[in-house]
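I have placed the structure first, in the form of C-alpha cells, so that the comments after it can refer back to it.
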Amino acid sequence: MTTQTADLIVSSNAVFTGLSDRPEPAAIAIAGNRIIAVGSKEEISKYAGEETKRYDFQDQLVMPGFHDFHLHVMHGAVMMESAMLFSARSEAEALEIIREFAQAKPNEPWVIGAVWDAGYWDTQRLPNRYSLDRVVPDRPAIMFHAEGHYVWVNSKALEIAGIDRNTEDPAFGIIGKDETGEPDGLLYEKAMGAVVKHAYHFTKAKKQELFKNFLAHAASLGVTAVHDLFATELMDMLTDYELFKEFEDTGELTARLHLWPALDGDLERAKRLRETYQSDKLRVSGLKQFIDGVITARTAYLLEPYADQPDTRGETSFPPETIKKWVVEADKEGFSIRFHAIGDGAIRLAFDAYEEAQKTNGKRDSRHSIEHVEVIHPDDIPRFKELDVTASMQPDHFAMSERGVYTERIGLAREPHVFSINTLQQAGARLAFGTDFPIDILQPLLQVYRAVTRIDSSGKNVWHSHERISLADALKAYTAGSAYGTFREHELGTLEAGKLADIAVLERNLFAIPVEEIPDTKVRLTIFDGKVVFEQAETLVEK
C-alpha cells in the first residue's frame with residue numbers, strides 16, 4: 001500500500017493539538033483540505049514528496065485555527081472603517097477623534113463611529129446631539145456605544161430618520177429626550193433602526209469590498225471559522241448570504257461561515273435558508289434571538305430591580321410566552337437556538353424555554369446555547385449541564401465594562417455572580433468563546449488573556465480571580481468548544497488525522513511566555529481548508 005503524499009507538512013516543537021493540555025513536538029501532514037497524519041517529524045517524513053511544501057516553526061506554537069463562536073460579519077466590516085472611540089477618556093476626546101476622522105473622510109455620506117463608553121469619561125455623563133453637531137454639522141453622524149445597544153447621533157441623522165419631539169418610542173426601544181421634550185441624540189435598542197437603515201444603505205460593490213476586508217483581517221488573526229449571528233432587525237439589511245455564497249463559489253471564502261438568522265416565528269423562511277446554505281464552508285447552523293439588552297443601559301432583564309434605579313428591572317424583547325412558543329416550534333424542526341441573555345432574568349427565561357422544548361418535543365442532542373451569560377443567578381448555574389446548553393462567552397466583555405458603573409447598576413449582592421467562567425466550567429457547562437466583533441475587536445488572544453488573568457481594562461485590577469481558567473482550557477473553548485457547539489467536533493477543533501486542515505501558527509509559544517504578552521502575540525501563518533491564506537512575509541518554507 002502506497003503512502004499518500006502530503007501537499008503540506010507543518011512541524012514545530014510546540015504543537016497544541018487540543019487533545020491534551022500542553023503543546024508537544026510534532027509534525028502535521030496535509031493533503032487536499034484534510035489532515036492525513038499527525039506524529040513525530042520522523043514518522044511524518046514518509047508523507048513528503050518532491051512537491052511537498054514543508055514549514056518548520058521550531059518553538060513557535062501550532063494550534064487549531066481560532067473558531068469565533070459569536071460575531072457579526074458585515075456590521076464588523078463596517079466598523080473596521082469607522083472612528084474608534086474606546087480610548088477616549090472624556091467627551092471632548094471622543095469629539096476630537098470624530099472631528100479628525102470626519103475631516104479625513106470628506107466624501108463619505110455618513111460619519112460612523114463605534115465603542116464609546118461614557119462610563120470611562122471624566123464626567124461619566126452621557127453626551128447629546130448638540131456636541132456632535134459642533135464637530136459634524138453638515139453630514140449625518142452615528143456613533144455606536146461600546147455594547148452596541150444604543151447610539152449617539154447628531155441632528156442631521158435625526159432629521160433624515162424623521163425623528164422629532166412627536167415621534168413615539170418603538171416596541172423595545174427608547175428615543176432619548178431632553179427636559180424640553182426634544183430628542184437628545186441618544187437612541188436605545190430598536191429605536192436605533194430608523195437611523196441605521198439610512199447609514200447602512202450600501203451598494204453591492206461596497207458590500208463586496210467590506211466583506212473582502214473582513215476575510216483578510218480574520219485570516220491575519222488565525223481565525224478560520226466564525227459564527228455570524230442575527231444582530232437585530234436593524235442590522236438585517238446588511239446581511240447578504242448571497243454575497244457570501246458568491247465568495248464561496250469563486251474560491252475567495254477564507255473562513256467557515258456559520259449563519260444564524262433570526263428566531264422570529266417564521267420557520268418556513270428558516271427552513272428555506274437551511275436548505276439553501278449547507279456546505280462545509282457556508283451553512284445555516286441554527287437560529288438566534290435577543291431576550292434582553294445590556295446592563296449599562298438598564299435594558300438587561302433582571303430578576304430583581306436595578307440597584308441604582310429601583311423602578312425598573314429591564315424588560316424582555318418579546319413576551320416570555322412568545323419566546324417559549326418560538327423555541328418549542330423551532331426545536332421540533334431540529335434547529336439549534338441561541339439567545340442573547342445578559343441579565344439573570346433573561347438567562348432564566350432562556351433555560352425555561354429550552355426546558356419546555358425538551359418536555360414538549362422529547363430530549364434530543366440540540367446544542368442550544370446562551371450568549372454572554374453576564375449576571376447569572378446561582379440557582380441557574382447547574383442548568384447548563386442538566387439541559388446540555390453551551391455557555392457562549394466573550395471574556396473581554398468584563399474588561400470593556402467600567403467596573404464601578406457595572407456594580408452600581410446591579411448592586412453588591414449580584415456582583416459575585418458576574419462573568420462566572422470558571423464556576424460554569426466547574427459545574428459542567430460547555431464553554432465556547434468568541435469576540436462579539438465589532439462590539440469588541442476581532443482579536444482572539446485578547447479574549448484568551450482575559451480568561452486566564454481576569455485583569456480588567458485598568459491593566460492592574462483583577463475581577464474575581466477565582467474565575468480564571470487555564471490557558472489550555474481557554475484555547476479549547478476557542479477551538480473545540482465552538483466546534484462542538486455547532487455539531488462539528490468530528491471535523492474541526494483539534495489537530496488529528498481526518499479533520500479539516502484549519503490551522504493557526506503563532507509567533508511565540510503561549511505556554512512559555514509571561515501571560516501579559518499573550519494579547520500582543522502575532523500570527524505567523526494561517527491555513528484554511530488545507531491552503532495557506534495568510535503568512536508573514538518572513539515565514540520560511542523548506543522545499
Side-chain angles (χ1 to χ4, degrees), residues 16 18 61 63-73 76 79-80 86 115 146-148 214 217-229 255 258 338 340 342 369-374 390-401 403 418-425 429-459 462-465 467-485 493 504 506 508 510-511 513-523 526:
F16 181 74
L61 188 69
M63 60 171 284
F66 288 109
H67 188 148
D68 195 305
F69 202 56
H70 184 128
L71 53 67
H72 311 286
V73 170
M79 290 297 128
M80 282 167 59
F86 191 62
V115 292
E147 291 174 298
F214 167 80
H217 186 50
S220 75
L221 295 165
V223 175
T224 54
V226 302
H227 290 247
D228 186 32
L229 273 72
H258 302 86
R338 298 172 68 171
H340 167 114
I342 281 180
S369 80
I370 297 178
E371 308 301 306
H372 311 307
V373 199
E374 289 191 13
T390 297
S392 169
M393 300 182 80
Q394 306 77 37
D396 192 47
H397 273 18
F398 77 78
M400 293 184 74
S401 306
R403 188 174 179 180
V418 170
F419 303 98
S420 305
I421 300 175
N422 184 48
T423 297
L424 290 177
Q425 182 171 263
R430 298 180 188 276
L431 297 177
F433 283 172
T435 55
D436 201 7
F437 175 72
I439 303 305
D440 198 357
I441 59 171
L442 187 62
Q443 172 47 294
L445 290 176
L446 182 58
Q447 306 292 335
V448 169
Y449 167 75
R450 297 292 182 206
V452 301
T453 66
R454 297 290 295 199
I455 292 172
D456 69 13
S457 57
S458 69
V462 175
W463 201 347
H464 300 330
S465 59
E467 294 297 353
R468 290 171 173 154
I469 61 172
S470 70
L471 175 56
D473 283 344
L475 293 177
K476 286 176 183 179
Y478 226 125
T479 50
S482 301
Y484 184 87
L506 310 185
R508 307 182 68 188
L510 301 181
F511 291 82
I513 61 172
V515 286
E516 58 269 19
E517 293 176 20
I518 289 174
D520 299 319
T521 301
K522 300 281 186 284
V523 170
T526 305

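Source: prediction; values computed, not measured. Every heavy atom of this structure was used, including side-chain atoms; hydrogens, water molecules and symmetry mates were not.
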Measure the spacing between [atom1] of [X] and [atom2] of [Y] and express it to the nearest 0.5 Å.
X    : Y    : atom1 : atom2 : answer
H72  : L229 : NE2   : CG    : 6.0 Å
T390 : I370 : OG1   : CD1   : 10.0 Å
D473 : N422 : CG    : CG    : 8.5 Å

According to side-chain hydrogen bond (donor to acceptor under 3.5 Å, both in side chains), who are the partners of [X], at least two apart in sequence or on a separate chain?
X    : value
D456 : S458
T453 : none
R338 : H227, S369, E371

Check the pair Q443, T435 against side chain to side chain contact (heavy atoms under 4.5 Å, CB included), reporting the backbone distance first and the verdict last.
-> CA-CA 7 Å; Q443 172 47 294; T435 55; 5.9 Å; no
What residues form a side chain to side chain contact (heavy atoms under 4.5 Å, CB included) with [X], not counting sequence neighbours?
X    : value
S482 : H67, F69, A432
T224 : D502, T526, F528
A474 : F433, V448, A451, V452, I469
E517 : R508, I513, P514

Can you tell if the side chain of [X] reaches within under 4.5 Å of the side chain of [Y], non-hydrogen atoms only?
X    : Y    : answer
Q447 : P444 : no
M80  : P438 : no
Y478 : L431 : no
I455 : V515 : no
M79  : F214 : no

Pairing residues for Y449 by the ring pair (Phe, Tyr, Trp, His ring centres under 6.0 Å) criterion, not counting sequence neighbours = none
Residues two or more places apart in sequence or in another chain: which of them pass ring pair (Phe, Tyr, Trp, His ring centres under 6.0 Å) with H397?
->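 Partners of H397 by the ring pair (Phe, Tyr, Trp, His ring centres under 6.0 Å) criterion, ordered by chain and then number, come out as H372.
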Who passes salt bridge (Lys or Arg N to Asp or Glu O under 4.0 Å) against [X], sequence neighbours left out?
X    : result
R430 : D388
R403 : E415
D440 : none

Walk me through it: do V226 and F437 pass the test side chain to side chain contact (heavy atoms under 4.5 Å, CB included)?
-> CA-CA 10 Å; V226 302; F437 175 72; over 6 Å; no
Residues F511, L475; criterion side chain to side chain contact (heavy atoms under 4.5 Å, CB included); working and verdict | CA-CA 11 Å; F511 291 82; L475 293 177; 3.8 Å; yes
Ignoring hydrogens and angles, state whether a donor on the side chain of T423 or E467 is under 3.5 Å from an acceptor on the partner side chain.
->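 Distance-only check passes for T423 and E467.
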Evaluate the side chain to side chain contact (heavy atoms under 4.5 Å, CB included) criterion for residues L506 and L445: first the C-alpha distance (whole Å), next the side-chain angles of each, then the deciding distance (0.1 Å), finally the verdict.
-> CA-CA 10 Å; L506 310 185; L445 290 176; 4.3 Å; yes
Grab the two heavy atoms, one from H464 and one from V418, that are nearest each other, plus how far apart they are.
-> CD2-O, 4.0 Å
